[in-house]
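Single-structure report; data block below.
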Amino acid sequence: MEPATERIAFFPMDVTYKVVGEKAVVYLFGRTKDGNQIGVVDKNFEPYFYVIPKKGIDIEDKLMKIAVDAPGGKARVVRVEKVKKHFLGKDVEGYKIITQLPRDVPLIREVVKDWDAVELCAEYDIPFWKRYIIDKGIIPFSLVTAEASLSDEKAKVPIFHLSRVSSSEETILEKPKILAFDIETYSPPGRDINHADNAILLVSCYGERLRKVISWKKFPTKTEGMEFVRSEAELLEKFISVINSYKPDILCGYFSDGFDLPFIKGRAEKLKVRLNLGLDDSEVTVERRRLTTADIVGINHVDIYRFIKKALSGTMETGELSLDEVSKELLGEKKIEVDVEELYKIWDSHPEKLGPYAEYNLHDSYLTYKLTEKLLPNILELTRIVGLPLPEMVRVGFSQLVESYILRRAFEMGELAPGLPHDNELGKRNAETYVGGFVHEPKPGLFKDIVVFDFRSLYPSVISSHNIDPGTLCCPCCSDKAPAPIEGGKKKIWFCSKHRGFLPKLIDEIISARVNVLAMLKKEKNPFLEARSYSLKILANAFYGYLGFPMARWYSHESAMATSGYGRFYIKRAISLAESKNFPVIYSDTDSVFLTLSGKTKKDALAFREDINKDLPGIMELEFQGFYPRGIFVSAKVGKFGAKKKYALIDENGILKIRGFETVRRNWSPIAKRVQEEVLGIILKEENPKKAIAHVRDVVEMLRKHQLAIPEVTISTQLTKELKSYENLGPHVAIAERMKKMGIIVSPGAIIKYVVTKGADRIRDRAKMPEEITPKDYDPDYYINNQILPAVERIFEALGYAPEAVLEGKSQEKLGKFFS
DNA sequence: CGTGAACGGGG
DNA sequence: GTGTACGTTCACG
C-alpha cells in the first residue's frame, strides 16, 4: 500500500544523517506548525564536490573510472555533471562529481587533486548535514513546507519520508519550548569536580509550566516540584523522563557544554543508565575537543553561557561572566546565597539542612531559563541570518558565523567556495602578520568631560566603499589606481573599480538589510527586530576579522591589510580634525575617539561630529557613543602590541565603566581585587584621589595589624596537571605536595588555596593552607608588595602619585614613604 | 620575542 | 567524520 503524501509545515531544528545500507539518509527533526514534534527523512540527497579542469581539457571519462579502496567497499563516482560557476572573480567551467557516500568525497578528491589536467577542486570539505541545509535553503527555526508521507519507522516522534521541500518561509518559531536545567554535585576540596569520584546530588529543571528538583536523599523542604528518589541512578532516570515528557525544543544550561551535561553523561555511564534523550532514542554525545560539547539528536542543547560570552561580553559592564553577575546585570536578579563548598559535608552529615540547596538548585535553573528567554530573539535572529543550528551557532566563533553566511550566499550566487587551508598553507598564513588598528596611546591621568565617538561600522564600510575582496585584488584592468594606504607595505595593492567583489556585495546586502530593519523599528518597537539589527551589525563587523583569520576559506592577507590600512587613514583624519577644532584627543583605538570638551559644550562636540561626517565618503559615519563627566586612563604595561585598553569611566548616572582591569583574577587575593574596585570607585565617584590613597593606607594598616580575615588573603590557584610533571614548583604546587603527604587526595583540576606567611624563604616555602594558620601568621609585606600595590599602583601612577622609587623596588622603606 | 602555564564557567 | 579548531594574558628565560 502506497502511503499518502501530505503537505507538512514544520520548523526544522536539527539535522543529522545516517548511512543506511549503501546510502546516506538525512534526518531533520523539528516541530510542526500545530505544535507536534516530528522527524523528516530525506533519502534522495547525494554527496558531491566540484572539479575545475585546466581550460578546454575533457576529463569526464577519466573521472567516471575512479575507484578508491575504502573500508566497507570501494569509493566510486556515481555521476558527473557539467557546471558553470564563479570563483574569486572569474567565470569557470567544470564538473560536479556525485559520489555514493559522504565519506567518498574526500577520498576521491584526494585522487583528483594531483592530476595535471586539474586546476582546482572545490567544496569537498563541507560536512554533509551542512551541505544539505544549504542546498535545500533550510534555515533552523524557519518554517519549511514539505511533501512527505508517514513511515512506520520507530522513534519517539512520528517519522515522515520526504519527497520534496516545496518552500521555506521567513516565519520563525518565536516561542519554542525552553527547559533549563542545573545540577549540584558532591565536591570535596582538593580534587577536581569530576564525575569519576563524585555523585550528582540534586538536579533541577525549570520550564514555563514546570518546576522540578530531584534528590536521592530526603530532607524537609517546601521547594516547589521537589521529588525524592532512592538512588543517583533513579535521579538520572527521573531526569530523562522529565525531559521526555516535557518535550523541549531547547534544553539550556549555564556552562552546560563544559560541565553539567558531560557530568551527567559521565555518571550515566558509570551507573549504567542509558542517557537516551535523543528523539531517535540515541544517547547524548559528548565530544572532548579543546572545548567540550554535548549534543542531543532532535533537541537543541544550548549552553547560554557560551552565547553570552561570545555575543554580549564586549558590551556588558561586568568582567565576570558567572551566572550570578550575568543575572544581576541582564535580569536584575541574583543567585540564592548558600555555601556551595559545604554541600558535600551537609549531604554526608546533616541532610536535614539540604532545603536551601534545593531552592538554590531550582533558582539556578530559573535564572538560566530567564536568561535564555531574554536572549532568545538574539539567538533566533542570528540563526536566521547565518543559518546554523542553535547549538552550533552558540558555540562557534565569529569567523564561523561569517563563513556560514558566505557559504549560503555563495551557493545561491553560483560562487565556488575555496577549500579550508591545509598544513603548509595554514602555517604560511599563521606567519603572515600586518598592522592592525591605530592606537593613540592615552596619557595616564584623570580627565573631565570626556566625549566618545566611534565609527561603528568602520571596517564594513571600508570594505564596501573600496571594493575589498580576494577576487578584486590587484586586477590587471585597474593597475593605474591609487594604492591602498598600507604603512610599510612592500608591494602596491589596489582593488578593481570595474567589477563588484563578492564579499563587498554581501556586505552591502547586510548593511541595506539593516537599514530596512532600522526603518521598521522606527514604526514599531520589537525585540526581534532589535535583535536582527544587532545581529546584522555584528555580522558585518566580523567580515574584516574573517579576511585575516588563517582558517577562513576566503582568507586574504592583502584584503585584511588594506582594510585596516584604510581604517587607520580615516581614524587619523578624524583625530587631526578634532585637534584642529581644539578638542584634545586623549585616547583612540581603531574606530573610537575619546576627546575632552576643554571648556566647550556638548553641543560643540556634536557640531564637530557633523563637520566630520560632512567629509566622509559614502556610508561612513562617526557616531556619538557617550558622555562621561570623569574618567581615568592608566598606562598599560609594555606589551607585545603596545598600549592596551585600560581605563575607567563614570557616566552621568554615576555608573562605572571599567575596561582592562579584569586581570585581577582568582589567583589573586580577594583583598587586592576589592581594594582595586574601591580605589576606582572613590576616584571617579568622589573625585578624591587623596581619599583613595587614605583608603589604601587603611587597608595596609589593617594588614600590618593582622586585622583581615583569612579568606581575604587566601589565593586560589588550580593544579592543572599531575604533581610529578611540574618543572616550576609554584606555591600551589608546594601546598599540593604537602597535602598529599598528609594523606589528602589531590588531583589535576583541584583548586589549591593558600596563604603566604612570614619568613625569609621563597614564597612556596612560606605558603600555608588556610586551615593551618591564624590571621597573625600571614605576611603583611607580601600582601602589600605583591597584591595590593600591583593592583593599584598604575591607577595612582596615572594620578601622579607614584614616585619612581615605588616602581623600581618594592622594599619596605620605599613603600613606607609612599604611603605616609 | 618566544614559550609554558593559568584562567574562564561549573560544584 | 565531506576529520584538524579556545583566546587571551602573564611570568619567565
*Ignoring the backbone of A:Y17, work out which of B:dA6, C:dT2, B:dG10 is nearest its side chain.*
C:dT2

*Taking the side chain of A:Y305 as its heavy atoms from C-beta onward, which of C:dT4, B:dG10, B:dG9 lies nearest to it?*
B:dG9

_Once you apply a heavy-atom cut-off of 4.0 Å, does A:K18 come out as touching a base, just sugar-phosphate, or nothing?_
nothing

*Determine the interatomic distance between C1' on C:dG7 and the same-named atom on B:dG9; round to the nearest Å.*
15 Å

*From the list B:dA6, B:dG11, C:dT2, which nucleotide is the closest neighbour of the side chain of A:D364?*
B:dG11

_Can you list everything that forms a side chain to side chain donor-acceptor pair (under 3.5 Å) with A:S256? Sequence neighbours excluded, please._
A:H301

*For A:Y546, which residues count as a ring pair (Phe, Tyr, Trp, His ring centres under 6.0 Å) partner, sequence neighbours excluded?*
none

*So which of A:R79, A:K96, A:K23, A:R131 actually passes side chain to side chain contact (heavy atoms under 4.5 Å, CB included) with A:E46?*
A:R79

*Lys/Arg N to Asp/Glu carboxylate O, A:D125 vs A:R553, below 4.0 Å*: yes

*Could you list by number each residue of residues 101-109 of chain A showing a heavy-atom separation from DNA chain C of less than 4.0 Å, or answer none if no residue does?*
A:P102, A:V105, A:P106

*Could you tell me whether A:Y132 contacts a base, only the sugar-phosphate backbone, or nothing, with contacts defined as non-hydrogen atoms closer than 4.0 Å?*
nothing

_Minimum-distance nucleotide to A:F128 side chain [options: B:dG9, B:dG11, C:dT2]_ = C:dT2

*Would you indicate what A:R131 reaches in the nucleic acid, counting non-hydrogen atoms under 4.0 angstrom: base, sugar-phosphate, or nothing?*
base

*Would you classify A:Q400 as touching base, sugar-phosphate or nothing, given that sugar-phosphate means primed atoms plus P, OP1 and OP2, and contacts are heavy atoms under 4.0 Å?*
nothing

*Between atom CG of A:L330 and atom CG of A:L375, what is the distance when rounded to the nearest 0.5 Å?*
6.0 Å

*asked:* By nearest atom, which of the nucleotides B:dA6, C:dT4, B:dG11 is closest to the A:L343 side chain?
replied: B:dG11

*asked:* Given the ring of A:F219, does A:K353 sit roughly above its face, with NZ or CZ under 6.0 Å from the centre of the six-membered ring and within 45° of the axis?
replied: no

*Using the P atom in both, what is the distance from C:dA5 to C:dG1, to the nearest Å?*
10 Å

_side-chain hydrogen bond (donor to acceptor under 3.5 Å, both in side chains) between A:Y186 and A:D348, worked out_ = CA-CA 10 Å; A:Y186 189 89; A:D348 284 338; 2.4 Å; yes

*Choose from B:dG9, B:dG11, C:dA5 the nucleotide whose nearest atom is closest to any side-chain atom of A:M551.*
C:dA5

*Among the candidates B:dG9, C:dG3, C:dG1, find the nucleotide nearest to the side-chain atoms of A:E287.*
C:dG1

*For DNA chain B, whose closest nucleotide is more 5', that of A:K309 or that of A:K335?*
A:K309

*Counting heavy atoms from C-beta on, name the nucleotide in B:dG11, B:dG9, C:dT2 closest to the side chain of A:P127.*
C:dT2

